[in-house]
Amino acid sequence: MIEHFSELRGFLDRHLDDVTEAVREAAAAEIVPRFRQLAEDDVVQKSGPHDLVTSADRLAELRLTDALTALLPGSVVVGEEAVHADPAVYRALEGDAPVWIVDPVDGTRQFVHGDPGFCTLVALVRGGETLASWTYAPALGELAIAVLGDGATLNGTRLAAGAPADGALLDVATSHPDFTTPAQKEALLGLRAPGVAPRPCGSAGLEYLAVARGTGDATAFSWEAAWDHAAGLLLVTEAGGAHLTRDRVPFRYRGGNALPFTAARDLATAERVVKLLGG
């Protein structure tokens, strides 16, 4: 069993490519064959019409759970669909074991509607710290990998978020209104300011990738589900970006954050967005 951070780093040195292959294989076996091929009974609503699950989500998560825990004995999986079935699964994030945080199809709504803007998200975390992450968009042919302290890459090319150009309109992806409280909606109204262009987000994972590659400037999200954020936040920070909650501390995937929070191309932009959000 893996007991120390140094052992986890050694695991990543030995098995980074194996994890990458497991992510690719799960998508190839369970997600890609169902893209634009879903039957009516393959899609089910969870909390509402903007919160969907498909057979691809469930089967890909099961395949990833088997593959990842086999690669790293003693690890556990916190997956979106497993937590939906049993909320107690989420408590594994409070323990000491290495945890794989998995979102098998991030952007399920896009997936259901035949839009290629979906991805598979995997992050390896331990004790509140994310050590590595994978963001794989099979329909777009894009794979981003981040390793704590070693940077981030997209299809093998190093990512650098950079900073928005002086005077440029700030592109900010924001939460869908269905997933915001009245207080959060009011905070998000602060982004309707000169020089800022807020817009509804697509797949959270791909919005984080946009920030990491510098094609988007920031996010402003109002929910805490670890599977939507753990992979992307490491990707952004390893590309040189930053993330802050409304009380100006980094986002904590275990919860208790002041929301909405932001991830941005650089610290100055994160601080600007937080100020507009009332932080």
Side-chain angles (χ1 to χ4, degrees), residues 106-107 117 119 121 123 129-130 133 135 137 142 144-154 157-177 179-180 183-226 228-253 256-279:
D106 180 64
C119 59
L121 301 174
E129 188 166 35
T130 308
S133 76
T135 300
E142 295 186 330
I145 300 173
V147 178
L148 182 65
D150 289 342
T153 60
L154 174 61
T157 300
R158 187 164 291 271
L159 287 168
D166 290 342
L169 197 63
L170 201 67
D171 174 76
V172 184
T174 67
S175 295
H176 191 285
F179 302 107
T180 55
Q184 292 165 357
K185 285 183 175 69
E186 184 175 352
L188 290 167
L189 288 176
L191 297 175
R192 297 184 181 179
V196 183
R199 59 174 176 79
C201 72
S203 152
L206 294 184
E207 298 292 2
Y208 283 123
L209 176 56
V211 173
R213 72 202 302 185
T215 57
D217 296 317
T219 63
F221 292 153
S222 58
W223 75 96
E224 294 185 298
D228 284 322
H229 304 304
L233 290 175
L234 182 65
L235 188 65
V236 167
T237 54
E238 287 298 319
H243 55 93
L244 294 174
T245 60
R246 287 182 73 203
D247 53 5
R248 297 181 178 271
V249 298
F251 179 87
R252 300 172 297 274
Y253 64 78
N257 296 284
L259 303 171
F261 75 101
T262 187
R265 292 173 63 182
D266 62 354
L267 181 59
T269 302
E271 289 174 338
R272 178 183 173 189
V273 172
V274 165
K275 185 175 181 180
L276 290 169
L277 293 171

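Scope of the values below: all heavy atoms of this structure, side chains included, with no hydrogens, waters or symmetry mates.
Here the shortest heavy-atom pairing between Gly117 and Leu206 reads C-CD1, 3.5 Å. Of all heavy-atom pairs spanning Pro164 and Thr269, the tightest one is CD-OG1, 3.4 Å. The two atoms that bring Ser175 and Cys201 nearest to each other are CA-SG, 4.5 Å, heavy atoms only. The nearest pair of heavy atoms linking Val236 to Ala264 is CG1-O, 3.6 Å. The two residues Thr237 and Ala242 come nearest to each other via the heavy atoms CG2-CA, 4.5 Å. For the residue pair Phe221 and Ala204, the shortest heavy atom distance occurs at CE1-CB, 4.1 Å.
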Exercise for the section: Give the C-alpha distance, both sets of side-chain angles, the deciding distance and a yes or no for side chain to side chain contact (heavy atoms under 4.5 Å, CB included) between Val147 and Glu238. Expected result: CA-CA 7 Å; Val147 178; Glu238 287 298 319; over 6 Å; no
Practice task
List the steps, then state whether side chain to side chain contact (heavy atoms under 4.5 Å, CB included) holds for Leu209 with Leu159.
Solution key: CA-CA 9 Å; Leu209 176 56; Leu159 287 168; 4.2 Å; yes
Problem - Derivation of the side chain to side chain contact (heavy atoms under 4.5 Å, CB included) call for Val273 and Leu191 - result: CA-CA 7 Å; Val273 172; Leu191 297 175; 4.1 Å; yes
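Residues in residues 190-212 take part in these salt bridge (Lys or Arg N to Asp or Glu O under 4.0 Å) pairs, two or more places apart or across chains: Asp171-Arg199, Arg199-Glu207. Pairs of residues two or more places apart, or lying in two chains, that qualify as salt bridge (Lys or Arg N to Asp or Glu O under 4.0 Å) and include a residue from residues 256-274 are Asp217-Arg265.
Side-chain contact check for Arg246 versus Pro260: some heavy-atom pair is nearer than 4.5 Å. Counting heavy atoms from C-beta outward, Leu277 and Leu188 have side chains that approach closer than 4.5 Å. The shortest side-chain heavy-atom distance between Tyr208 and Leu121 does not fall under the 4.5 Å cut-off. Inter-residue side-chain proximity for Leu235 and Thr135 is flagged as met; some heavy-atom pair is nearer than 4.5 Å.
Residues that satisfy the side chain to side chain contact (heavy atoms under 4.5 Å, CB included) test with Lys185, not counting sequence neighbours, are Pro177, Thr180. Residues passing the side chain to side chain contact (heavy atoms under 4.5 Å, CB included) test with Glu224 are Phe251, Asn257, Leu259, sequence neighbours excluded. Partners of Asp150 under the salt bridge (Lys or Arg N to Asp or Glu O under 4.0 Å) rule, at least two apart in sequence or in another chain, are Arg9. A search for side chain to side chain contact (heavy atoms under 4.5 Å, CB included) contacts involving Thr153 returns Ile145, not counting sequence neighbours.
With a 6.0 Å radius and a threshold of 12 heavy atoms from other residues, nucleotides or ligands, Glu129 has its CD atom above the threshold.
Under a 3.5 Å cut-off, the side chain of Ser133 and the backbone N or O of Ala123 do not form any donor-acceptor pair. Under the 3.5 Å distance criterion, the side-chain polar atoms of Thr262 are matched with a main-chain donor or acceptor of Thr219.
One finds the OG1 atom of Thr174 at 12.0 Å from the CD atom of Gln184 (value rounded to the nearest 0.5 Å). Expressed to the nearest 0.5 Å, how far CG of Leu148 lies from CG of Leu234 amounts to 6.0 Å.
Phe261 and His229 have perpendicular rings, their planes meeting at more than 60° on a 0 to 90° scale where under 30° would count as parallel.
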